[in-house]
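Quick notes on the structure that follows.
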Number of protein chains: 4
Amino acid sequence: MTEKQRKILDTALELFALEGYNSISTKKIAQGAGVSEGLIFKHFGSKEGLLDYLVEEGVELMNRELDTLMQISDASERLRATLRFPKTIIDRNPAYWKVQISIKFANHEIKEKYHNSSFMGKAMGILNDTFDELNFENPQMETQLLMQIIGSFFMALVNDEIENYDEMLSFLEKKYNLK
Amino acid sequence: MTEKQRKILDTALELFALEGYNSISTKKIAQGAGVSEGLIFKHFGSKEGLLDYLVEEGVELMNRELDTLMQISDASERLRATLRFPKTIIDRNPAYWKVQISIKFANHEIKEKYHNSSFMGKAMGILNDTFDELNFENPQMETQLLMQIIGSFFMALVNDEIENYDEMLSFLEKKYNLK
Amino acid sequence: MTEKQRKILDTALELFALEGYNSISTKKIAQGAGVSEGLIFKHFGSKEGLLDYLVEEGVELMNRELDTLMQISDASERLRATLRFPKTIIDRNPAYWKVQISIKFANHEIKEKYHNSSFMGKAMGILNDTFDELNFENPQMETQLLMQIIGSFFMALVNDEIENYDEMLSFLEKKYNLK
Amino acid sequence: MTEKQRKILDTALELFALEGYNSISTKKIAQGAGVSEGLIFKHFGSKEGLLDYLVEEGVELMNRELDTLMQISDASERLRATLRFPKTIIDRNPAYWKVQISIKFANHEIKEKYHNSSFMGKAMGILNDTFDELNFENPQMETQLLMQIIGSFFMALVNDEIENYDEMLSFLEKKYNLK
DNA sequence: AATGAATGAGTTTTCATTCAT
DNA sequence: CATGAATGAAAACTCATTCAT
């Protein structure tokens, strides 16, 4: 990957997140990245091809993060890490995830692309096993509920809509008997 | 409001929901509504004016639904109704809310408009009072968490992403000691 | 048809003929016609839609010219008129046919469109009947040959590649025993 | 000439014939030939340079074919060969002439290039001498007419628009007293 | 000789909006 | 109230061409 290719990706990621895929023109991306508009199409084929590339990158990185999560052997510890997961990975790579996730939630077409992707199933698998190990009464329902909660936290965090996230974490940990 | 005015609003609502505000042209709306493109501008000034009108309508109806919720005197009953709230109002007016809510969640600009609107505060007020009356330990945190959960249910429901919603409700009611 | 619509058609016809369909941009047409580029698409849908319209117009006018030819009752007279046909109709509507025919012969896609069109069959029918009435030995072959000759004259005339057309006509009339 | 150079020429010839010079991009040629786009410009300077090279090649080969025709000493035989000329050379080198000729007739710019080229004059010279030797009354007019006919046969043949070419040849030979 | 990254001007087409009727 | 002709700016994308390696 050439330097300019990377620059295009970074710029697009940032702009898509700020104003949405539909509102950002390829011209703006090119200007932001300091390259010619044509280069975007040379490298990514189309505006949607560029988006695909970004989404794919996000999926792969997310899968790697989930692998890390999965390797925590102690179930309580793993559940605690899961609750902290949104914040953890956003903190580790702030700009990147802010935009990746806001793309995901802001956009119609992308939601589809993401949804078929492996990592949702993987995440549910991890959670289900965890609740199982911890002998929760209804691991399946617990999983489903927590997936919703974590999803909504992801969205809230990238939109800076949560101030007292730490407080919320303590609160949740108590609910899940982790304290 | 003339018949054509109403037709424009209904068509726009549906199309915005299906493909997103940015992807729908005024031409498509006009064709769908069977009116001339000019008429949209005569009545609503601009495409954004049309959107504003729709959002405003949604806010007002939501406020009325919340008023109904608020009038439930028994706190347990009220909390139960709150959990059921997303499904209840969507069932009462399926097409309407499917689109109103999917507009809200799919779109950048609209999110802002909605967010400043009164009903979020009102909803939080109701929830806070309810948890208070029910002597929950930390009403504020409970409120914040349940707002997230309910929000994510709204989104899941309009996208038909939840199959076992009733089971989920039972599960939640148990969590909130309503059973 | 509004005045501007007609202006677009006339300008396009002229420019297509001068430099070929592919080499003329919709921008050039709009500038030449003194209208906005968008108007072309409002009225004709696409650049190809504009071409279709022009071709269709040509087919219809050609059919009408052939009807006139067909109404000549005397066979010798009709054959003489047929030989003169290219020049006759080009003289009657010089600019129009110059471009219509040069479009037809210069362009790949259009050739197809024209070829399926009725007037080729109609022309062959007229010629065949004529040679029949005049008791030519092999009317079918005569028809086929003369169609080729007339076609090549059309092309030569619109490209101003023939100086001594009248001489050529006399020569042909002798060949066909019309003198 | 390197192997890649030849591949470029062959690919371009074929593509130009299929879709026209203007509609074929250098990218398509490069892809079809399995070379980089840059190489086309290295070897031929520009897209038009590539075209020039192709046209020149065609002119030279055509000239050689005409030389062969010219060497037929018997005038009747030569005229017969002339009538068969389009079919003869197309059969001898089918792919090559199909495209060379369809380029010539399909394209504006190329027509000019061809027209100034030597072989048209040479062909007319041969025909004129032939009709002279055969004591036709008006060799010049005969020449002009037959040039048109042969031209139109070339075009018809490359477009597969003639089924009964042999029958047509017999018919013509009779017309020219060759039978 | 050959590649492939890069460009900038150009292409067709879409869009929200205005205005005379 | 309603239409539809008309606009101009901007959209995604293509193209021939250059150049460093």
Side-chain angles (χ1 to χ4, degrees), chain A residues 1-5 7-8 21-30 33-50, chain B residues 1-5 8 21-30 33-51, chain C residues 1-5 7-8 22-30 33-50, chain D residues 1-5 7-8 21-30 33-51:
Chain A
M1 164 137 21
T2 68
E3 195 188 334
K4 298 210 171 184
Q5 225 162 328
K7 198 73 206 299
I8 290 170
Y21 173 76
N22 284 309
S23 302
I24 294 297
S25 66
T26 50
K27 191 180 184 179
K28 274 187 201 152
I29 298 170
V35 303
S36 69
E37 220 181 326
L39 195 57
I40 295 175
F41 295 88
K42 263 270 144 72
H43 283 314
F44 303 101
S46 66
K47 194 188 169 191
E48 209 188 337
L50 175 57
Chain B
M1 165 143 12
T2 68
E3 194 188 336
K4 297 207 170 184
Q5 230 161 327
I8 290 170
Y21 173 75
N22 283 307
S23 302
I24 294 298
S25 63
T26 51
K27 186 183 180 183
K28 276 187 199 154
I29 298 170
V35 302
S36 69
E37 226 178 321
L39 196 57
I40 294 175
F41 294 86
K42 200 77 183 181
H43 283 315
F44 304 100
S46 66
K47 194 186 168 191
E48 209 188 340
L50 176 57
L51 179 62
Chain C
M1 163 136 20
T2 67
E3 195 189 334
K4 299 210 171 185
Q5 224 163 328
K7 198 74 204 302
I8 290 170
N22 284 309
S23 302
I24 293 298
S25 65
T26 51
K27 190 179 187 181
K28 275 187 201 155
I29 298 170
V35 304
S36 69
E37 222 180 326
L39 195 57
I40 295 175
F41 294 88
K42 263 271 144 71
H43 284 314
F44 304 100
S46 65
K47 193 187 170 190
E48 208 189 340
L50 175 57
Chain D
M1 163 143 13
T2 69
E3 195 189 335
K4 297 207 171 183
Q5 229 162 328
K7 199 73 206 302
I8 290 170
Y21 174 75
N22 283 306
S23 301
I24 295 297
S25 63
T26 50
K27 186 183 180 185
K28 276 187 199 156
I29 298 169
V35 302
S36 70
E37 225 178 324
L39 196 58
I40 295 174
F41 294 87
K42 200 80 181 176
H43 283 315
F44 303 100
S46 67
K47 194 186 169 193
E48 211 188 340
L50 176 57
L51 178 61

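FYI, side chains are in, hydrogens and waters are out, and symmetry mates aren't considered; it's all heavy atoms of this structure. Being a predicted model, the structure only gives us computed values, none of them experimental. Letters A, B, ... mirror the listed sequences (proteins, then strands); counts begin at 1.
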>> Using a 4.0 Å cut-off to any heavy atom of chain C, which nucleotides of DNA chain E are the first and last in contact, reading 5' to 3'?
In response: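 From 5' to 3', the first and last contacting nucleotides are E:dT11 to E:dA16.
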> Taking for each residue the nucleotide of DNA chain E with the nearest heavy atom, is it D:Ser36 or C:Phe41 whose nucleotide lies nearer the 5' end?
Replying inline: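 In this pair, the answer is D:Ser36.
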> If each of C:Lys28 and A:Glu3 is mapped to the nucleotide of DNA chain E with the nearest heavy atom, which maps nearer the 5' terminus, i.e. the 5' end?
Replying inline: A:Glu3
> Starting at the 5' end of DNA chain F and moving along, which residue's nearest nucleotide shows up first, C:His43 or A:Glu37?
Replying inline: C:His43
>> On DNA chain F, compare the nucleotides closest to A:Ser46 and C:Gln5; which residue's is nearer the 5' end?
In response: C:Gln5
Using a 4.0 Å heavy-atom cut-off across all strands, classify [X] as base, sugar-phosphate, or nothing.
| X | result |
| --- | --- |
| C:Ile24 | sugar-phosphate |
| A:Lys4 | sugar-phosphate |
| D:Thr26 | base |

What is the distance, to the nearest angstrom, from the [atom1] atom on [X] to the [atom2] atom on [N]?
| X | N | atom1 | atom2 | answer |
| --- | --- | --- | --- | --- |
| B:Met1 | F:dC1 | CE | P | 12 Å |
| B:Leu39 | F:dC1 | CG | P | 8 Å |
| A:Leu50 | F:dA12 | CG | P | 11 Å |
| D:Leu51 | F:dA16 | CG | C1' | 14 Å |
| C:Asn22 | F:dC15 | CG | P | 11 Å |
| D:Phe44 | F:dA16 | CZ | P | 15 Å |
| C:Lys27 | F:dG8 | NZ | P | 13 Å |

> Mind checking who E:dT3 pairs with, Watson-Crick or G-U wobble, both distances under 3.5 Å?
Replying inline: F:dA20
> Across all strands shown, which nucleotide pairs with F:dA9 by Watson-Crick or G-U wobble geometry, both distances under 3.5 Å?
Replying inline: E:dT14
To the nearest 0.5 Å, tell me how far [X] [atom1] sits from [Y] [atom2].
| X | Y | atom1 | atom2 | answer |
| --- | --- | --- | --- | --- |
| A:Glu37 | A:Leu39 | CD | CG | 11.0 Å |
| A:Gln5 | A:Leu50 | CD | CG | 10.5 Å |
| A:Lys47 | A:Thr26 | NZ | OG1 | 7.0 Å |
| A:Ile8 | A:Thr2 | CD1 | OG1 | 7.0 Å |
| A:Ser46 | A:Phe44 | OG | CZ | 10.5 Å |

>> Please pick, from F:dT3, F:dC1, F:dT7, the nucleotide with the shortest atom-to-atom distance to any side-chain atom of B:Val35.
In response: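 The closest nucleotide is F:dT3.
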> Quick check: does any side chain N or O of A:Lys4 sit under 3.5 Å from a backbone N or O of A:Ser36, one acting as donor and the other as acceptor?
Replying inline: no
